[in-house]
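Data first, discussion second: the structure below is written as structure tokens.
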Amino acid sequence: MVEVDFRSIESKWQERWEKENTFFTSNDSNKKKFFVLEMFPYPSATGLHMGHALNYIIGDIQARFRRMNGCNVLYPMGYDALGLPAENAAIKAKKHPSDYTNESINNFMIQQKALGLSYDWSKLVKTSDPEYYKWNQYFFLKFLEKGLVYRKKSAVNWCSKCNTVLANEQVHSGKCWRHEDTDVEIKHLEQWFIKTTNYAEELNEMIEGLDWPARIKAMQTNWIGKSFGTEINFTINEKVWPIFTTRPDTIFGVTFLVISAQHSKLFEIVTPEQKSSVEEFLKKLRSVSEKEMDAMDKEGVFTGAYAINPINGEKVPVYAGNFVVADYGSGMVMAVPTHDQRDFEFAKKYNIPLRVVICPEGKKLVAEEMTCAYTGEGVLVNSNEFSGQKNVEAMKKITEYLEKKGVGKKTINFKLRDWLVSRQRYWGTPIPIIYCEKCGIVPVPEKDLPIKLPYEVTFGEGNPLLSNKEFVNCKCPKCGTSARRETDTMDTFFDSSWYYLRYMDATNSEVPFVKETVKKWLPVDQYIGGAEHACMHLIYARFFTKALRDLGYLDFDEPFTKLFNQGMLHGADGNKMSKSLGNVINPLDVIEKYSTDSLRFNTVSLSAPNSDSVWSDNGMESSHKFLQKVYSVLSEIKIGSSTKIIESKINKTIKEYSFDIDNFKYNLGVIKLRSLIDAISQEQEISKNDLESVLKLFSPICPHFTEEIFHTRIKNSMISLEEWPKCDESKIDLHLEKIEEVISSLRVDIIKIKELAKIEKVKKVKIIVAPQWKWEAISVIRDACKEKPDFSVAMKALMSKEEYKKHGGEIQNFIKTTLSRLSDFSEIKPFNEVELFNEAKTVLESEFGSIEVVKAEDCNEPKAKNAFPTKPALIIE
RNA sequence: GCACGGGUUGGGGAGCGGUCAAACCCGCAGGGUUUAGGACCCUGUCGCUUAGUGCGUUCAACGGUUCAAAUCCGUUCCCGUGCACCA
């Protein structure tokens, strides 16, 4: 076999697609729209990695498939170009972030083009483009007008040597990443927040209707974390501090309170005597990251303050603790050590007294003897007038009591927090705000947008934007006096929350998007990306859609109708691909060595696209060899007429394969293509129409070589834009396929026996067909299955309920052993058993000579008992 | 710590209540072809057994539900992912 030069074929077609604008998508078309979107990448100088390639290949196959199925497909690409990693990488490479990012993007584009992806490049979006981030600023101002934006103090990681805020990932075990000797401090800064919690209820409710993977939906539900509970007013130093709890029934067991160590108002309650020990404790905090916090031991320190429990007037100590989340609820919890495990451990550690308030029914708990908290249900004790009540009822009663006394209320609480969008960094969208001594906080007027990032800044210490005086110093738009510009930039999740609205009109400088066009294309029909975005990006984007809807920009509720999560691709050793492990596979290297089509084919062969898979060099080799075979078979086979059997197989494949691709079961589709090619390679000739169909089936996965053969052998048009083959059900002949199967298995058996028994020349072959009763059993089961395809229902139909209850297992066993090759018999309609073997006999006689078909009943040979329907006993002389 | 996934026969990976000793790919073994290697084609690949075949034991571990469990439920162990300033 001659090696095919896939590489030159590929570059030829990639060039033609680009030159002829093959994949340009018109916003005006009568065809059904279909918007396929992959989560846009964060470009970096290291280029595409295998995870990207997998993501795009999955999406491209879907886009090509839909396009061929008559849809007007929108399939664009963009770059999430602003953000911390680019800024850091640029500094490291001694380049300006803007230049660095442009290089990265260009590099990405070249590599994506090499993958043969059918993007409409005319709709490219880059978030680093001022014409893009201008609209970030615009939306920020709209949100501000609408009251969705506010300022609040919040904790950040601070390095005193860098004189700057650190991201969680820049904190390594409590130290600054650049200064191993410098402890990270927790500072509180005034920052900008978006009220995502305004939409918590809707975000939560609408999860149900999304056609998303169940696990992503579960993760979002938990992230939003709706819970019902009671807000109870504790008094500290005459000031009321509302505290949220889901367990008001335990209120009489409260023996202390814990305030988050990151609480911005912590020092309002710390007494002068305790100030130094609290400060000492705060130094131990390693970062503001919750992950880090939880990894630490549960620790705390007494604040010196006492809180008054409103239900009984008791004074309990207030501790500062590292395990309470500052932004959840009120940043403070009431602690009941006897009935909450974390509180229990904390109380034991600091010798805080315990008081049992719930006992399991009929049992008595003694605080001193407890080794862990009791969190189950029970009856209240030590709870004044509530003692004796069941705790579930007491929850309600106690809440009502508190409400009546005006010291508490029933509330719904969400884990979801407001979105902190301020970043004290350079490479982001400047927040369009001006601080004026006279007028205070002044929004930048719309006409002054965009506030561009100044090119001239100094990196090193502090926020780089502060180093450009021209940027910082400005005039107040209200009163015209000197003012200071906001130097915080926006979280890049802001950029990625609405980019999917920009594609159809990516260069419009008048509006962020044209409402009518968006209405035509949105929501996204198929969104594709990794599960790591389950909670953050996908929630922010959903929030944005709803907020823009309420501002009158959109008229739909959810941005992404369907979501597909691709799995992770691991290195050949089963580990995550990483440079340090040396198991990284670079898609470009693979293309170089084999070809794009081979890479694409192999990538989808590995496993179901939604589950993790492991790279294999041998597998890659095998895919490549297979495509070589496909190429030679399809380009060399004579065009003439197809046999019935191959027609049947092709049409069956069209049917099943289309289903697989439609449902992202690419790995299963690939198996069907393999077996189809095996079958075709046995044929002498094939009809032009069938050849065309087969090429089209390969086209979404292997767009290049199919284009080549299509042009040379079928017609001079783009296969990528051709119509998907239709399955002709009437050509599917399972009976014929079954006979072929029977013949080939008989042939193998005969040859095998001939060799093993050392029979030189076959005189006679006796095919002993299964006894009549086995056939009858088959037809009974088959008929039952035909009416009721559910096998268990069919079985129930065969016997009474009692019989079934008793003997179902035996019947099953009978079917298994006696009718073991029943399988697809139920699908064969006009089926005559005797005919089957007579047909087989006719074919095999030309090979082996005299063959006789004998019914088991007419045969006293003991081996006849082994005769099975479709797998008969054989006697060879 | 909390949340969400997952553990299948040498490796990868389908299957997710009965058609399951479990698709397919790789690896390995035997045969064919070839000057040899490679490539290609065929066959085998849990154990025992048979000329064809049949039987036994399996799907992380242990328990449970069911006439029937790799598949459903519970517990345990192990692995992966996310946790709000990485995107």
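In the text below, chain A, chain B and the rest are named by the order of the sequence lines, each starting its count at 1.
For the pair A:Glu169 CD and B:A87 C1', the interatomic distance rounds to 9 Å; values are reported in whole Å. A straight line from CD1 of A:Ile751 to C1' of B:G32 spans 12 Å, rounded to a whole angstrom. Across the protein-nucleic acid pair, A:Asp573 atom CG and B:G11 atom P stand 15 Å apart, rounded to whole Å. The CG atom of A:Asp749 sits 14 Å away from the P atom of B:A51 (whole-angstrom rounding). Rounded to an integer number of Å, the gap from CG of A:Asn168 to P of B:C85 is 7 Å. In this structure, CG of A:Asp491 is placed 6 Å from P of B:A87, rounded to the nearest angstrom. Atom CE of A:Met620 is separated from atom C1' of B:C26 by 14 Å (rounded to the nearest Å). One atom, OH of A:Tyr499, and another, P of B:A87, lie 15 Å apart when rounded to the nearest Å.
A donor and an acceptor atom sit less than 3.5 Å apart, one in the side chain of A:Gln424 and one in the base of B:C85. You'll find a donor-acceptor pair under 3.5 Å spanning the side chain of A:Gln191 and the base of B:C85, going by distance alone. No hydrogens or angles were tested; on distance alone, a donor-acceptor pair under 3.5 Å links the side chain of A:Arg425 to the base of B:C85.
Among the heavy atoms of the strands lying under 4.0 Å from A:Leu84 are primed sugar atoms or P, OP1, OP2 only; no base atom is included. If you check every strand for non-hydrogen atoms under 4.0 Å, A:Ile539 touches nothing. Using a 4.0 Å heavy-atom criterion, one finds that A:Val171 contacts no nucleic acid atom at all. Contacts of A:His533 with the nucleic acid, taken as non-hydrogen atoms under 4.0 Å apart, include base atoms. The residue A:Phe493 sits close to a base: some heavy atom pair falls under 4.0 Å. A:Ser605 comes within contact range of no nucleotide atom at all, as no heavy-atom separation falls under 4.0 Å. Nucleic acid contact for A:Val165: base, since at least one base atom lies under 4.0 Å from a heavy atom of the residue.
To the nearest 0.5 Å, atom CD1 of residue A:Ile585 and atom CG of residue A:Leu569 are 8.5 Å apart.
The separation of B:A14 from B:U8, taken at their P atoms, amounts to 11 Å, rounded to a whole angstrom. On the P atoms, B:C77 is 35 Å away from B:C20, given to the nearest whole Å. As rounded to the nearest Å, B:A70 and B:A22 have P atoms that lie 13 Å from one another. Taking atom C1' on both nucleotides, B:A21 is separated from B:C48 by 14 Å, rounded to a whole Å. Distance check on atom C1': B:A68 versus B:G17 gives 8 Å, rounded to whole Å. Spacing between B:G5 and B:A60 at atom C1', rounded to whole Å, works out to 16 Å.
Between A:Phe108 and A:His52, the ring center distance clears the sub-6.0 Å criterion. In this structure, A:Phe40 has its ring center no closer than 6.0 Å to that of A:Tyr79. Checked against the 6.0 Å centroid threshold, A:Phe493 and A:Trp419 do not count as a close aromatic pair.
Taking the side chain of A:Ser607 as heavy atoms from C-beta on, and the options B:A84, B:A14, B:C86, the nearest nucleotide is B:A14. Nearest to the side-chain atoms of A:Asn667 among the listed nucleotides B:C83, B:A14, B:A87 stands B:A14. Of the candidates B:C25, B:A87, B:A14, the closest approach to any side-chain atom of A:Met536 belongs to B:A87. Closest to the side chain of A:Leu668, out of B:C85, B:A14, B:A87, is B:A14. Considering only the side chain of A:Pro85, B:C86 comes nearest among B:C25, B:C86, B:A84.
With both pairing distances under 3.5 Å, B:G17 is matched to nothing as a Watson-Crick or G-U wobble pair. Under the Watson-Crick or G-U wobble criterion, with both distances below 3.5 Å, B:A84 is left unpaired in every strand shown. As the counterpart of B:C59, no nucleotide is assigned, since no Watson-Crick or G-U wobble pattern has both distances under 3.5 Å. With a cut-off of 3.5 Å on both pairing distances, the Watson-Crick or G-U wobble partner of B:G5 is B:C79. Nucleotide B:A70 is matched to nothing when pairs are restricted to Watson-Crick or G-U wobble geometry with both distances under 3.5 angstrom. When both pairing distances are held under 3.5 Å, B:C48 makes a Watson-Crick or G-U pair with B:G54. For B:G37, there is no paired nucleotide, since no Watson-Crick or G-U wobble pair has both relevant distances below 3.5 Å.
An OP1 or OP2 oxygen of B:G15 is reached within less than 4.0 angstrom by a side-chain nitrogen or oxygen of A:Lys665. In terms of phosphate contacts, A:Lys576 brings a side-chain nitrogen or oxygen within less than 4.0 Å of OP1 or OP2 of B:U81. In terms of phosphate contacts, A:Asn222 brings a side-chain nitrogen or oxygen within less than 4.0 Å of OP1 or OP2 of B:C4. An OP1 or OP2 oxygen of B:C85 is reached within less than 4.0 angstrom by a side-chain nitrogen or oxygen of A:Arg423. OP1 or OP2 of B:C41 has at least one side-chain nitrogen or oxygen of A:Lys629 nearer than 4.0 Å.
Side-chain N/O atoms of A:Asn55 and A:Glu38 include no donor and acceptor closer than 3.5 Å. A side-chain N or O of A:Asn136 and one of A:Trp498 form a donor-acceptor pair less than 3.5 Å apart. Checking A:Gln170 against A:Arg178 by side-chain atom types alone, no donor-acceptor pair falls below 3.5 Å.
More than 12 heavy atoms of other residues, nucleotides or ligands lie within 6.0 Å of NZ in A:Lys672, so this atom counts as buried by the packing criterion. Residue A:Lys349 places its NZ atom among more than 12 non-hydrogen atoms of other residues, nucleotides or ligands, all under 6.0 Å distant.
The pair A:Glu87-A:Arg425 fails the salt-bridge criterion, with no side-chain N (NZ, NE, NH1 or NH2) lying under 4.0 Å from an Asp/Glu carboxylate O.
When each of A:Thr492, A:Asp491, A:Asn463 is paired with A:Arg423, the side-chain hydrogen bond (donor to acceptor under 3.5 Å, both in side chains) condition holds for A:Asp491 and for no other. Between A:Phe564 and the choices A:Phe664, A:Trp212, A:Tyr527, the ring pair (Phe, Tyr, Trp, His ring centres under 6.0 Å) rule is met once, by A:Phe664.
For RNA chain B, the residues of residues 212-221 of chain A within the heavy-atom distance limit of 4.0 Å (strictly under) are A:Arg215, A:Met219, sorted by number. A heavy-atom distance below 4.0 Å to RNA chain B is reached by these residues of residues 610-619 of chain A, ordered by number: A:Ser611, A:Asp612, A:Ser613, A:Val614, A:Asn618.
Take the nearest nucleotide of RNA chain B for A:Ile876 and for A:Met568: the residue whose nucleotide is more 5' is A:Ile876. Nucleotides of RNA chain B nearest to A:Ala155 and A:Val748 differ in position, and the one nearer the 5' end is that of A:Val748.
Within the cation-pi definition used here (under 6.0 Å to the ring centroid, within 45° of the axis), A:Lys226 does not qualify as a partner of A:Phe414.
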